[in-house]
There are 2 protein chains.
Amino acid sequence: MARISQIDKATPPLKASGAEPRSVGFRQREKIIRAATGVFSQKGYDGARVEEIAQRAGLPKGNVLYYYKTKKNLYRVVIEQVLSLWLEALGDISADDDPCDAMSQYIRRKLDLSRNYPEASRLFAIEVIGGAPVIGEHLKGRLRDWVTQKGAIFHSWQQEGRMAPIDPAHAFFMIWAVTQTYADFQAQIEAVISPANYDAEVYEKGAPGVVAALVRGLGLSSQKQPLR
Amino acid sequence: MARISQIDKATPPLKASGAEPRSVGFRQREKIIRAATGVFSQKGYDGARVEEIAQRAGLPKGNVLYYYKTKKNLYRVVIEQVLSLWLEALGDISADDDPCDAMSQYIRRKLDLSRNYPEASRLFAIEVIGGAPVIGEHLKGRLRDWVTQKGAIFHSWQQEGRMAPIDPAHAFFMIWAVTQTYADFQAQIEAVISPANYDAEVYEKGAPGVVAALVRGLGLSSQKQPLR
DNA sequence: CCGAAAGTTGACCATTCGGTCAAAAGTGAG
DNA sequence: CTCACTTTTGACCGAATGGTCAACTTTCGG
C-alpha cells in the first residue's frame, strides 16, 4: 500500500470522536499517537509497521487497531494533529508591529517548534516530500490563506521601505526552510559538527546568528526608510 | 524490512562493477536507476516496490533484480550516486574570490541543482530525515571535510569584515535549507502559490530575490570593511 | 557460424504485515 | 451483584512483496 486517499470512518469507540479525558482509552490513545508520530516520522507511512508502533506504545498490535481501525486512519490522525500544531503555534504578526521585532520573534518561535517537536517536523516533511497526499488540501486552504494574509502585511512594510522587496511567500519559504532544517536534517548537521549536545550547540549557540542573518536578509528594519 | 545496514556484494555481471558504456546492460542500468530514483524519492525505501520500479523502467521485475541483486543494493547505488552528484556539482569557493560573487554563484548553482534534479534532492532528504542510515558515514567524512575547509575561507572573510560573524557551518545549513526547499517542499509551495509553471514562476521569478536575501543575510560584501 | 556468456522472463516460494475475530477480562452504573 | 459496555489479547488469514530459479533468447568474439 502506497497511496493514501479515501476517508475512512472516524476513530471508533467512545461516543463522539474526541475521547473523554478520563476514560480508559484516553491514555492509550495518547500513547499510541506519540508512538506513531515517532515511527512514522522516521520510516514514513509505508516503512512504519503497526507492530512497531504497538510495541513502542507498550501494547499488542490488536489493541492499536482497536482504537484506530486502520493504519491509514492512524496516520491521518497523526499528521493532521501535526498540521494543527504548526498552524496554531505560528502566532500572529500584525501590520502595526515593528517588522524587525515581530519577525525575529516569529523566527524564534518557529525555531522552538523545531526544537521541541523535531519528530513532528520530520513527519510533516516526509508527507510534503511525498506530494502531500493527505494534507495537500489543507495546505491549499488554511495555509494558503494564512500566507496571503501575512503577505499583505509584508507588502505594506515594503511600501514603507522597512522590508526588502522580496516576494512575501518566498520570504516565508526561506524562514520555514531554515528553521525546519534544524529538525529535519539533524542527522546531517550532527554529521558535520559532531555536537556533544545538539540542543545546546545548535539551538542555543547557533540560533541567534541564524535569526540575525534571516532578519538582515529580509531587510527588516525598525525605522521607516526611503526605498533604496 | 526497514533498516538498511550491511553491505552486500557489488552490482553483479559485467566484470568490474562499472559497466561498459556500450554493453546491452548499460542502457538497462541507466533506465533502472532513473526509475528507481523517481520511485524511491517519492515513496521512501520501504514504500517503493521493486515491481513499480521495473514497470517504470519498462522491464519485468526479475530483470531489475538481475542487475541489482537486491532492493537494498539498488537503493544504495542510487543514493550514493545522488551524493556524488551533490558533492561534485558544488564547485569551488576560494579565499581569493570576491565573497559576494563567489557565494552568489554558489547559491545559484545549488538552486540549479534543485531545479534540475528535484527527485535527487527529495531522495537525499528522505534519507537524511530517516537518520541517514546509508550515507551517514559519507556525511561524517567527505561532507564534513568539505565544510571544514570552506569554513576556513569564511573565517578569513569574516576577519576582513567581508562577511557577517555567523558560524560558517550554519551559513551552509542555511543555504542548503533554502535552496533545497524549492525541490523538497515543492508540493507545499505549489499549494501556496498555485503557479502555472513551477520553474518559471519559482526559479526564474523568485530565485533572484532569494539569492539576494541570502547574500545580504550573510553580510557578504565586495569591499573590505571594518568590523561593525 | 558456433558456443559461451549475458540477458530475459514468468512462474513460484517464503515471509511479512495489515487487518479480523472470538473469547476472555475489566469496568461501572443502577 | 448484575448486566451491558468497553477493552485486551493472541491466534489466524489473505494479500502483497522481495527474491529465486530454470528455461529460454540474444549477443558477440573468434
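Each chain gets a letter, A, B and so on, in the order its sequence line appears, and its residues count up from 1.
- Atom CD of A:Gln55 is separated from atom P of D:dT9 by 14 Å (rounded to the nearest Å).
- Neither OP1 nor OP2 of C:dG7 sits under 4.0 Å from any side-chain N or O of B:Asn63.
- Of the possible polar contacts, none joining the B:Arg108 side chain to the B:Val211 backbone as a donor-acceptor pair under 3.5 Å is found.
- When side chains are defined from C-beta on, A:Val82 does not count as touching A:Tyr117, because their heavy atoms never get closer than 4.5 Å.
- Atom CZ of B:Arg29 is separated from atom P of C:dA6 by 11 Å (rounded to the nearest Å).
- In terms of phosphate contacts, A:Gln28 brings no side-chain nitrogen or oxygen within less than 4.0 Å of OP1 or OP2 of D:dT6.
- Ring geometry, A:Tyr203 versus A:Tyr198: the interplanar angle exceeds 60°, so the pair is classed perpendicular (tilted spans 30 to 60°).
- Heavy atoms only, all atoms of each residue included: A:Tyr45 and A:Lys71 are closest at O-NZ, 3.0 Å.
- For A:Thr181 (side chain) and A:Val178 (main-chain N/O), no donor-acceptor pair under 3.5 Å exists by modelled atom type.
- Atom P of nucleotide C:dT9 and atom OH of B:Tyr67 are separated by 10 Å, given to the nearest angstrom.
- Regarding A:Asn73, its CG atom lies at a distance of 12 Å from the P atom of C:dT20, rounded to whole Å.
- Distances shorter than 4.0 Å separate some side-chain N or O of A:Tyr66 from OP1 or OP2 on D:dT7.
- Atom P of nucleotide C:dG7 and atom CZ of B:Phe26 are separated by 13 Å, given to the nearest angstrom.
- Within 6.0 Å of NZ on B:Lys31 lie more than 12 heavy atoms contributed by other residues, nucleotides or ligands.
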Any N/O pairs under 3.5 Å between the protein and nucleotides 18-23 of chain D? List them or say none.
residue : atom : partner : partner atom : Å
D:dG18  : OP1  : B:Ala48 : O            : 3.2
D:dG18  : OP1  : B:Lys71 : NZ           : 3.1
D:dG18  : OP2  : B:Val50 : N            : 3.1
D:dG18  : N7   : B:Lys61 : NZ           : 3.1
D:dG19  : OP2  : B:Lys71 : N            : 2.6
D:dG19  : N7   : B:Lys61 : NZ           : 3.4
D:dG19  : O6   : B:Lys61 : NZ           : 2.8

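- The distance between atom CG of A:Leu59 and atom P of D:dT7, rounded to the nearest whole Å, is 12 Å.
- Atom pair B:Ile32:CD1 and C:dT9:P shows a separation of 11 Å (rounding to whole Å applied).
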